[in-house]
Every structure is written in C-alpha cells, then in structure tokens.
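The block underneath contains the structure these notes are about, expressed in structure tokens.
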Amino acid sequence: MAAAPAYAKNFKIAVGDSGGSSQEATGIGFVKALEELSGGKHTATLFLNGQLGSEQDTVNEAAIGTLDMSILAINNVTPFSPTVGVFTLPYVILSLEDAEKLTQGPIGQELTENTINDAGVRIIAWTYTGFRVLTNSKKPVKSVADLQGLVIRVPKNEIMIDTYKAWGISPTPMAWSETFAGLQTKVVDGQDNPYTTINAMKFYEVQKYVTNIRYIFSIEPLIISEQVFQELSEEDQNIILEAGKAATAASAQFLRDKEAEIKQILLDEGMEITDPENNEEEFIKLATEAVWPKFYDSIGGVDKLNAVLAEIGRDPV
Ligand code: MLT
C-alpha cells in the first residue's frame, strides 16, 4: 500500500459544466471547506466546462488514479455502476427533499459502496441540480404527440434512451461535451437538463422552447478516485469526507436560492417555458409502465426500487 502523503495536495477536479452551474457551486463549496478543514494544507482546483474530458471519460480516469476528482451527472455514472440507475428511473424522485433524503440516507451510502466496487470511484458529495426540463429549437411541446419528429440528444444512458422510446421517439445518444455544438449545428433539435445547467451552458443561444417535464431530478455527485483516497492518511480522508458534506449543503443552498432567478433569466433571454398538458399524466404513464420493469435487474431488483419509494413515503410497485 502507498504511504500516506505528508505533503500538501492540490486536487484536480474535473467539472462537466461551466461557471454559474450547480456543479460549480458544489465545487466551490468543497474547495472552501477543504482549505478550512485542513488549515490551508490542502486545496483543489476546478477545471470547468469539460476541460479534462467528457464526463464519462473522467470516471475511467479517476478509476485508474490519473484524475483525482470529478463532478458529473449521475446518469453518466450509471453505465459504470448500474445500481445508481435507481436515481434516474423516470418519476421516482419528485422533489429536492426526496433527493436529499435518498442521497444522504442509507441508500445513498449503499450506492457509494457500489460505485467503489464497480467503478473504482467514491461519491463524497451530491449536487442537486433540479428537474431536467426538455428544450428544443423547433416548437412548443405540451404532449407526447408534440414530441414526435423531434431529434432529442440524451446522454449515453439506457434508462434515458428507453424513456424517450416509451414516448415514441428514438433519441440520439451524445457526450455532454459535444452537446452545445450538436444543438448549434442542428444535428439534434433538443435535449433535457435543469434550468441552472441550461443557463450556465448558454443553451438559450441555440434553443427556444422549454417544457417543464419532471421525469428526472438531476443529481450530480462529486467523485474521488478510490486509489487517490486510499493513499491519504486517515485524518485527510476524514477531512475530504467532511468537506464533501459541506459541498452537498452548499449545492442544496444554491438551488434553493437561485433556481427561480435563473428561470427568469431564461425567460429574459427569450426562451418560452410551458407546462406539459394534463399534469404530465401521459408522459408519466408511458415512462413508468415501460421503463421501470425493464431496469429492475440492473438496479438490484424490484425490492431496491420499493426501498427507495418507501424512504420517500411512496407506495411500492
Ligand atoms: C448530461 O446531460 O450529460 C449531463 O446532465 C450534463 C451535466 O453534467 O450537466
């Protein structure tokens, strides 16, 4: 086993999104707490906007220890550790409070252990980014019928691909780092991500219509390479874990403080925001009926989904 470094460390943190994003808020919260808790011994530097590679690539890099940390959407972790998919099943998490309860409770802890074993990365903080709303450049979408004919980008994530298939279209999987260009050159008509991400990434420059679908509440963990973590002294490991808790709290505060303001910025930038008709009923029915059963095995069985639903006070399937 490698000796614990007695020297100060400047951790490199890859961040998928740009400045002003929820991911950045988590990163800033982490750096601040790390510096305070280590008495200035350790620091960390954020590399924003996918500078260190696509979100999925950063998981591989952290796994082999060539990258210290990454902040990325949970849907980009699922391919490496399928049980975290329980957080991206459509219409499971219905509020920020649900997200906080699940990630900070026993289920979040269990998924952290799974990512260590499956992917060689440890989740040390959670970013809460809000619901992934649908944007597109062509027309207002209120119903599943309106969605037909649109080419929608999704991450390379089977649950999300199958959700759009349940809604009748075949989406285009594309890395996050290529998405702005894909929208700009009209290779794709639309995508989904939360308001704060749409704003930070300036998607209003290339997208006009927003539909408030609420199928996924976006959760974006801060992961550390397990190899890097194990090389730290126990004292430094505890500092990292405590700084992670502070980062999680900073992220929740950012969303509570900023989401409404950011929605207004999108309107001021000329986006048109609409709600799906009939309280999203058709979207919900099609997605949950087709997608949930298909992923029971990969998330660890239907009992796992029921445990999640129970923890947030919902009826079992
Ligand atoms: C994605 O759509 O790939 C992610 O949500 C991007 C992000 O990290 O914001």
Side-chain angles (χ1 to χ4, degrees), residues 13-28 30 46-62 67 69-81 84-85 87-90 93 99 103 121 123 125-136 151-164 171-184 187-204 206-207 210-211 213-223 247 251 254-255 258-259 262 266:
I13 309 181
V15 183
D17 295 347
S18 33
S21 62
S22 297
Q23 291 187 0
E24 189 201 37
T26 301
I28 291 172
F30 180 78
L46 304 178
F47 292 85
L48 297 168
N49 216 8
Q51 280 174 72
L52 300 186
S54 79
E55 291 196 354
Q56 292 193 357
D57 287 347
T58 65
V59 179
N60 286 325
E61 302 245 326
L67 173 68
M69 300 185 198
S70 176
I71 306 176
L72 74 168
I74 193 95
N75 37 270
N76 286 325
V77 180
T78 319
F80 305 94
S81 189
V84 301
F87 286 170
T88 47
L89 278 184
I93 297 180
T103 51
V121 296
I123 297 170
W126 304 93
T127 309
Y128 307 112
T129 314
F131 288 104
R132 295 180 72 101
V133 298
L134 175 71
T135 69
N136 85 90
V151 182
I152 302 295
R153 171 271 169 183
V154 288
K156 294 173 188 166
N157 175 297
E158 293 302 325
I159 293 176
M160 297 170 79
I161 293 170
D162 279 331
T163 301
Y164 278 92
T172 304
M174 185 184 279
W176 179 233
S177 45
E178 291 160 21
T179 301
F180 187 92
L183 295 167
Q184 192 172 37
V187 171
V188 288
D189 301 319
Q191 62 86 48
D192 65 63
N193 260 293
Y195 293 144
T196 62
T197 311
I198 294 166
N199 177 52
M201 303 303 289
K202 297 191 173 14
F203 279 4
Y204 47 74
V206 288
Q207 296 280 270
V210 178
T211 310
I213 53 170
R214 298 162 80 84
Y215 82 120
I216 293 178
F217 185 96
S218 185
I219 292 177
E220 311 194 276
L222 164 57
I223 56 172
S251 148
F254 178 82
L255 190 66
K258 297 279 178 203
E259 197 177 31
I262 287 172
L266 300 184

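The structure presented is a predicted model; accordingly, all values stated were derived computationally and were not measured. Order of listing sets the numbers, starting from 1, for every ligand and every atom in it. Quick note: numbers below take in every heavy atom, side chains included, and nothing from hydrogens, waters or symmetry partners.
Remark: of the listed residues Leu134, Val206, Ile198, Ile198 is the sole one forming a side chain to side chain contact (heavy atoms under 4.5 Å, CB included) with Gln191.
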Stepwise side-chain hydrogen bond (donor to acceptor under 3.5 Å, both in side chains) test for Thr129 and Glu220: CA-CA 7 Å; Thr129 314; Glu220 311 194 276; 2.5 Å; yes

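Residue Thr197 has at least one heavy-atom neighbour below 4.0 Å for each of these atoms of ligand 1: 9 (O). Close contacts of ligand 1 with Pro155, meaning ligand atoms under 4.0 Å from a residue heavy atom, involve 1 (C), 2 (O), 3 (O). Each of the atoms 7 (C), 8 (O), 9 (O) of ligand 1 lies under 4.0 Å from some heavy atom of Gln23. Close approach of ligand 1 to Glu220 (heavy-atom distance below 4.0 Å) involves ligand atoms 7 (C), 8 (O), 9 (O).
The protein heavy-atom contact nearest to atom 8 (O) of ligand 1 is Glu55 OE2, 2.4 Å. Annotation: atom 4 (C) of ligand 1 to nearest protein heavy atom, Ala73 CB, 3.5 Å.
With a 4.0 Å cut-off on non-hydrogen atoms, Asn76 touches ligand 1 through its side chain and not its backbone. Residue contacts with ligand 1 for Asn193 involve side-chain atoms from C-beta outward but no N, CA, C or O (heavy atoms, distance under 4.0 Å).
Contact annotation: the side chain of Arg132 approaches that of Asn75 to within less than 4.5 Å [non-hydrogen atoms, C-beta and beyond]. Residues Ser18 and Glu24 are not in side-chain contact: their nearest non-hydrogen atoms beyond the backbone lie 4.5 Å or more apart. Residues Thr135 and Tyr204 form no side-chain contact, since every pair of their non-hydrogen atoms from C-beta on lies 4.5 Å or further apart.
Between Phe203 and Phe180, the two ring planes are tilted [angle within 30° to 60°]. Using bins of under 30°, 30° to 60° and over 60° for the plane-to-plane angle, the ring pair Phe217/Tyr128 lands in the tilted bin.
Closest heavy-atom approach to atom 3 (O) of ligand 1 among the candidates Arg153, Gln56, Arg132, Met201: Arg153.
For the ligand labelled ligand 1, residue Leu72 lies outside the 4.0 Å heavy-atom shell.
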